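As structure tokens, the structure follows; a few thoughts come after it.
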Amino acid sequence: MPRHTVFAALALLLLVVPARSQTHFSFRDVGREVGLLPAAGGIAGHAAAWGDIDGSGYPALYVGTFGAKPYGSKNNLLFRNLKGKLVLDDQKQLQICGRGNGAVFVDLDNDGDLDLYYTNHAIQWKPYGAGNEHFSTPNALFRNDGQGKFSDVSQDSGACPMDFPSRSVAALDFNGDGRLDLLVGECFFQGGQSRSRLFQNLGNFKFADVTTKVGLPEKVTGFGVAAADVDNDGWPDIFLAGRFHGNRLFRNDKGRFQEVPKTHADFTWKYHDTQEDTSCGVCFGDLNRDGLLDLVIGTHPDRPWVYGGVRPRLYLNRGVADGWPRFEDVTEKAGLTPQSMKAPHVELRDFDNDGWPDLYVSIVKFAGAKTYPVLYRHLGVQNGLPRFEEDAAAVNDFPTAADKKIVDVTKFFEQMKKEGKIVYMASAPSADFDRDGRLDLFLANWWVDKDSLLLRNETKSGNWLAVDVRGGKSGNRQGIGARVHVYEAGKLGRKDALLSATEIAVGYGYASGQEAAAHIGLGTRTTCDVEVILPHGQGRVTKSDVQANQRLTIAP
């Protein structure tokens, strides 16, 4: 958020106390070990994206910051990935000084390498006087000229307007022309108004704002944005999350959008506090193996400890009725417990490769020298409902304003910050950066005097499969929008044998960009059958008896 007061940041913070029990997941901070630090130290990090920019098979990491005055941060950073070792890249044009809020590596010209789109929270606001002109820095677009060498093509691209306080960004082919478009969310500055935009890719790095032309509202908040086919018609629908005009699902009718009515999907939230209290990141995933994509929304409350914490919200996809997809709020039924901290970024990913996607939120807990990201572990389905338990729930106790031992809450948490016992993370995308088959986490620290975290997943895990789709003759090269269905071996296409339904997506959660790949946990299974359904009715590809523990590339 733009004003990071103690109270605003507190909701994402954590007090260090001794651990009381063993956790299922195990992560270790390897930032210094693999070369991320000290180069990534001293940043106010608020955006991050993973992507294989040079064809090495390993994802690079781009980090966006709130640079210069008054934050005192370094500018944006690019790290190349040399087989699990991160090395700082010195391309000057990428070292933006702005107010970073989102990034995605995406192949915008279908030439086989990944370009970069980056968003800034650009506002005409100078409360600190001269020297902070970077507050108005617009979004940026970079063309990959090969091997990860980038050229700035922002000017006259049509996708980087001035005075556009952007947040998250998602890539999608909304009209089926084979070119990837950009859905860019805007927050509710500008007097409470929001103007999230859909930029249509016209080719040759030229874009047109088609927001109202395709039926989207002129004003809609987009702290978090995501695209996914929720009604299984082959066309990407979109969700925009946030207070004031946000929390809205739009169904794609072959390139035109219509809002899903509240009778079928009511995403109304009751907000408790200041405008810092807002819904935030958003992601999709199939949580009960019915082939329908469910929805999770992250939280950005101002002072959640005052009112007993806030839960991330889980909406189960109940299928189509009367032409509209239906969603049911099953948050409490599924076992999602309240958090006394902000949880703006959310992802549904299988972090132990047991075959069930877990829910990860951008909160970190500490005990001694160990770091514990907050994950809700998926326990399987009971009576049609996914069940979760918070894995790190017993790591610590979070003090509340009602604690009579704390006389001055503000002073107390200022001291905790000074002692390095609390952290503030917003952007936090996952990726298997070392290619060991387990999903790792990068969490960008917003406080310049605290290090960001690169958490290597060392959980005892099951077998896995990673699937890359190269798209059809008329589809995008990254396979974005393709649905990957994995079945028990020898049971291809059987609903009762479906193990996973994953849609390949880039840009979801909050201020984060992920790799365009489906990561599927297989548990103890050593083989499986795979079905890839291409978007926009382009057909399907099947493969039987696929071996586990590999990266599988499917090129129709």
Side-chain angles (χ1 to χ4, degrees), residues 104 106 108 110 117 158-159 161 164 166 168-186 193-203 206-222 224-242 245-267 282 284 292-293 295 315 317-327 471-472 474-476 478-483 503-508 533-539:
V104 287
V106 55
L108 294 170
N110 277 334
Y117 184 78
F164 181 36
S166 302
S168 301
V169 54
L172 72 160
D173 180 3
F174 84 91
N175 59 356
D177 65 359
R179 294 188 291 262
L180 289 170
D181 313 296
L182 298 169
L183 176 66
V184 185
E186 183 186 73
Q193 304 301 316
S194 305
R195 306 156 302 163
S196 298
R197 304 285 89 180
L198 177 61
F199 295 112
Q200 181 182 347
N201 188 344
L202 305 177
K206 300 296 182 182
F207 292 80
D209 182 347
V210 295
T211 308
T212 57
K213 181 180 178 180
V214 300
L216 295 173
E218 174 66 24
K219 294 181 175 62
V220 57
T221 304
V225 301
D229 180 7
V230 300
D231 54 3
N232 290 350
D233 67 350
W235 293 79
D237 311 297
I238 61 176
F239 192 93
L240 296 102
H245 317 295
N247 286 2
R248 299 165 73 175
L249 175 64
F250 298 91
R251 182 176 66 89
N252 188 340
D253 184 11
K254 298 182 179 179
R256 293 278 304 175
F257 291 92
Q258 295 176 302
E259 184 170 3
V260 177
K262 288 186 177 181
T263 55
H264 287 65
D266 189 352
F267 303 104
V282 57
F284 291 95
L292 299 171
L293 296 180
L295 171 69
Y315 299 87
N317 190 336
R318 293 301 194 183
V320 175
D322 303 320
W324 298 101
R326 296 176 300 139
F327 283 82
S474 59
N476 69 86
Q478 280 182 284
I480 291 174
R483 186 73 63 85
E503 186 164 312
I504 294 180
V506 169
Y508 50 87
I533 302 173
L534 300 174
H536 310 109
Q538 296 178 34

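Just so you know, these numbers come straight off a predicted model, no measurement behind them. Atoms considered below: every heavy atom in the structure, side chains included; atoms not considered: hydrogens, waters and symmetry mates.
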How far does [atom1] of [X] sit from [atom2] of [Y], to the nearest 0.5 angstrom?
{"X": "Ile238", "Y": "Glu259", "atom1": "CD1", "atom2": "CD", "answer": "10.0 Å"}
{"X": "Leu108", "Y": "Gln478", "atom1": "CG", "atom2": "CD", "answer": "8.0 Å"}
{"X": "Asn201", "Y": "Leu182", "atom1": "CG", "atom2": "CG", "answer": "7.0 Å"}
{"X": "Glu186", "Y": "Thr221", "atom1": "CD", "atom2": "OG1", "answer": "8.0 Å"}
{"X": "Glu218", "Y": "Ser196", "atom1": "CD", "atom2": "OG", "answer": "10.5 Å"}
{"X": "Gln200", "Y": "Asp209", "atom1": "CD", "atom2": "CG", "answer": "10.5 Å"}

Sidechain-backbone polar pair: [X] side chain, [Y] backbone, donor-acceptor under 3.5 Å:
{"X": "Arg197", "Y": "Pro161", "result": "no"}
{"X": "Asp173", "Y": "Gly481", "result": "no"}
{"X": "Tyr117", "Y": "Ala159", "result": "yes"}
{"X": "Asp231", "Y": "Val320", "result": "no"}
{"X": "Asn247", "Y": "Gly242", "result": "yes"}
{"X": "Arg326", "Y": "Arg318", "result": "yes"}

Looking only at heavy atoms, which two atoms of [X] and [Y] are closest? And how far apart?
{"X": "Leu216", "Y": "Phe257", "answer": "CD2-CB, 3.7 Å"}
{"X": "Val184", "Y": "Phe164", "answer": "CG1-CE2, 3.7 Å"}
{"X": "Val220", "Y": "Gly246", "answer": "CG2-CA, 4.4 Å"}
{"X": "Leu293", "Y": "Asp229", "answer": "CD1-O, 3.9 Å"}
{"X": "Ala227", "Y": "Ala170", "answer": "N-CB, 4.5 Å"}
{"X": "Asp233", "Y": "Asn252", "answer": "OD2-O, 3.5 Å"}

Notebook entry, point to check: Do His264 and Asp322 pass the side-chain contact (heavy atoms from CB on, under 4.5 Å) test, and can you show the C-alpha distance, the side-chain angles, and the key distance before you say yes or no?
Noted result: CA-CA 9 Å; His264 287 65; Asp322 303 320; 4.0 Å; yes
Non-hydrogen side-chain atoms of [X] and [Y] separated by less than 4.5 Å:
{"X": "Leu198", "Y": "Leu172", "value": "yes"}
{"X": "Gln258", "Y": "Phe250", "value": "no"}
{"X": "Leu240", "Y": "Arg248", "value": "no"}
{"X": "Phe174", "Y": "Val210", "value": "yes"}
{"X": "Leu292", "Y": "Asn232", "value": "yes"}
{"X": "Phe284", "Y": "Glu503", "value": "no"}
{"X": "Thr211", "Y": "Arg195", "value": "no"}

Check: Picking from Leu180, Val169, Ile480, what satisfies side chain to side chain contact (heavy atoms under 4.5 Å, CB included) with Val506?
Finding: Ile480
Notebook entry, point to check: For the residue pair Phe267 and Phe327, does the interplanar ring angle fall in the parallel (under 30°), tilted (30 to 60°) or perpendicular (over 60°) class?
Noted result: tilted
Checklist line | More than 12 heavy atoms from other groups under 6.0 Å of NZ on Lys213 | finding: no
